[in-house]
Number of protein chains: 2
Amino acid sequence: MSTTPEPEWLTDDEQRAWRAYLRATRQLEVALDRDLQAHGLSLAEYEIISMVSEAPGRRLRMSYLADMVVQSRSRMTHTAKRLEARGWVERRPVLDDRRGVELVLTDEGWAALDKASRVHVEGVREHLVSVLSPEEFLALGSALARVSAGLTGQPGIPVSSL
Amino acid sequence: MSTTPEPEWLTDDEQRAWRAYLRATRQLEVALDRDLQAHGLSLAEYEIISMVSEAPGRRLRMSYLADMVVQSRSRMTHTAKRLEARGWVERRPVLDDRRGVELVLTDEGWAALDKASRVHVEGVREHLVSVLSPEEFLALGSALARVSAGLTGQPGIPVSSL
DNA sequence: CGCACACAGTTGAATTTTCAATTAGATGTT
DNA sequence: AACATCTAATTGAAAATTCAACTGTGTGCG
């Protein structure tokens, strides 16, 4: 038998960076979530209705949304049900694809989003943007955009195939 | 009555950066979590035993851990219970402070961590580190370290007080 | 000392998320 | 047309997380 090859461990600097990443992203999530809670929604819910609000016709398909906000379809369904119960969205069948469902933002949903969005930007500015220089923030954005691209579409079986 | 002052909305660039942040961080979490699942633990659990393993005596207090990994104390308790049930940690009362409990990593826990850590670093390298230049990655780390510092210790009532 | 308050951790119920089917419709191939 | 396969979405139970209440214990102070 052969010994398992040692992976390339993180250097001290890298380790520090990675730990900072984990802690900061969680703290930020918690902070933003807490602020939104006061307006009756979670960050995940906010992201959903926020995306819907920007789409033409204020409507977006479940599966597309699930991909964008990185939630399982199942979770998307449950969350949509709750949002619907609050009267913030309606679910309507898609015309061309009879399997499809789209979420439509209601006026109440729009109003709720309007209020929440103020709190949200302020949080993002205060906790993230204002702490970094403008260049730093944009650099972070473009770095993570690349990370996201690398992670998109390649489910679990990255290599070999053919 | 007076109109609510408009908050300083994000510019298009900023908005893009922020969206990239949200999506990338979630995708990365999902990817790393998926890899660890195969070894029977979640990323959150991994972080906990990983921190414990580095502490002198392989032991760390609950409340300290909760702060480090950004989890509520309640969640920390539940998670610790599960880890204990798997035999990966033991819970022991702290000597000086009779309110305190510390988590001690068992040999089984150490073994599990040893296996999982390989998968974990590889994931971090593949999905994050390798996508960025070394400078970029370290810059991201230092930027987020500042974000974290800004978020640490200031619970919910940041201003005024006195 | 005695009291008020803060801190560490736990508990169990409510809520949310995950997980493993399941239904139904689209797509591609022969 | 008939078949297998894939995609969209839902369902309900299991598992994890949050939430609010609660038990002990440390701390500061009159």
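None of these values were measured; they are calculated from a predicted model. In what follows, chains are A, B, ... by sequence order, proteins preceding strands, each numbered from 1.
- The distance from atom CD of A/Gln71 to atom C1' of C/dT17 is 9 Å, rounded to the nearest whole Å.
- Residue A/Arg99 places none of its side-chain N or O atoms closer than 4.0 Å to OP1 or OP2 of C/dA26.
- Ion pairing between a basic and an acidic side chain is recognised when a charged N comes within 4.0 Å of a carboxylate O; B/Arg34 and B/Glu29 show no such pairing.
- Mapping B/Ala80 and A/Glu45 onto DNA chain C via the closest heavy atom, the residue that lands nearer the 5' end is B/Ala80.
- Electrostatic pairing of A/Arg92 and A/Glu102 does not count as a salt bridge here, judged by no charged N lying under 4.0 Å from a carboxylate O.
- A donor-acceptor contact under 3.5 Å is not formed by the side chain of A/Thr79 with the base of C/dT16.
- Between A/Gln37 and A/Val101, the residue whose closest nucleotide on DNA chain D is further toward the 5' end is A/Val101.
- The shortest side-chain heavy-atom distance between B/Tyr46 and B/Leu113 falls under the 4.5 Å cut-off.
- The nucleotide whose nearest atom lies closest to any side-chain atom of B/Ser63 is, among C/dA26, C/dT10, C/dA8, C/dA8.
- Between A/Ser72 and A/Arg98, the residue whose closest nucleotide on DNA chain C is further toward the 5' end is A/Ser72.
- With rounding to whole Å, B/Met76 atom CE is found 9 Å from C/dT10 atom P.
- For A/Leu36 and C/dT16, the CG to C1' distance is 17 Å, given to the nearest whole Å.
- In this structure, A/Asp33 places its CG atom 14 Å from C1' of C/dT17, rounding to the nearest Å.
- Side-chain atoms of B/Arg23 come within 3.5 Å of backbone N or O of A/Asp67 as a donor-acceptor pair.
- Taking both residues in full, the closest heavy atoms of A/Glu45 and A/Gly40 are given as OE1-O, 4.2 Å, listed atom of the first, atom of the second, then distance.
- Applying the 4.0 Å criterion to OP1 and OP2 of C/dG9, one finds that B/Lys81 has every side-chain N and O outside that range.
- Under a 4.0 Å N-O distance rule, the pair B/Arg118/B/Asp35 does not qualify as a salt bridge.
- A/Glu14 places a side-chain N or O within 3.5 Å of a backbone atom of A/Thr11 that can act as its donor or acceptor partner.
- Atoms CZ (A/Arg73) and C1' (C/dA21) sit 16 Å apart, rounded to a whole Å.
- Chain B approaches DNA chain D within less than 4.0 angstrom (heavy atoms of the protein), and the contacting nucleotides run 5' to 3' from D/dA16 to D/dG26.
- Counting to the nearest Å, the C1' atom of C/dC7 and the CG atom of B/Leu65 are 17 Å from each other.
- A donor-acceptor contact under 3.5 angstrom links the side-chain atoms of B/His78 to the base of C/dG12.
- At whole-Å resolution of the value, CZ in B/Arg75 and C1' in C/dT15 are 14 Å apart.
- Contact annotation: B/Arg61 reaches the phosphate of C/dG9 (side-chain N/O to OP1 or OP2, under 4.0 Å).
- Here the nucleotide nearest the side chain of A/Arg82, chosen from C/dT16, C/dA8, C/dG25, is C/dT16.
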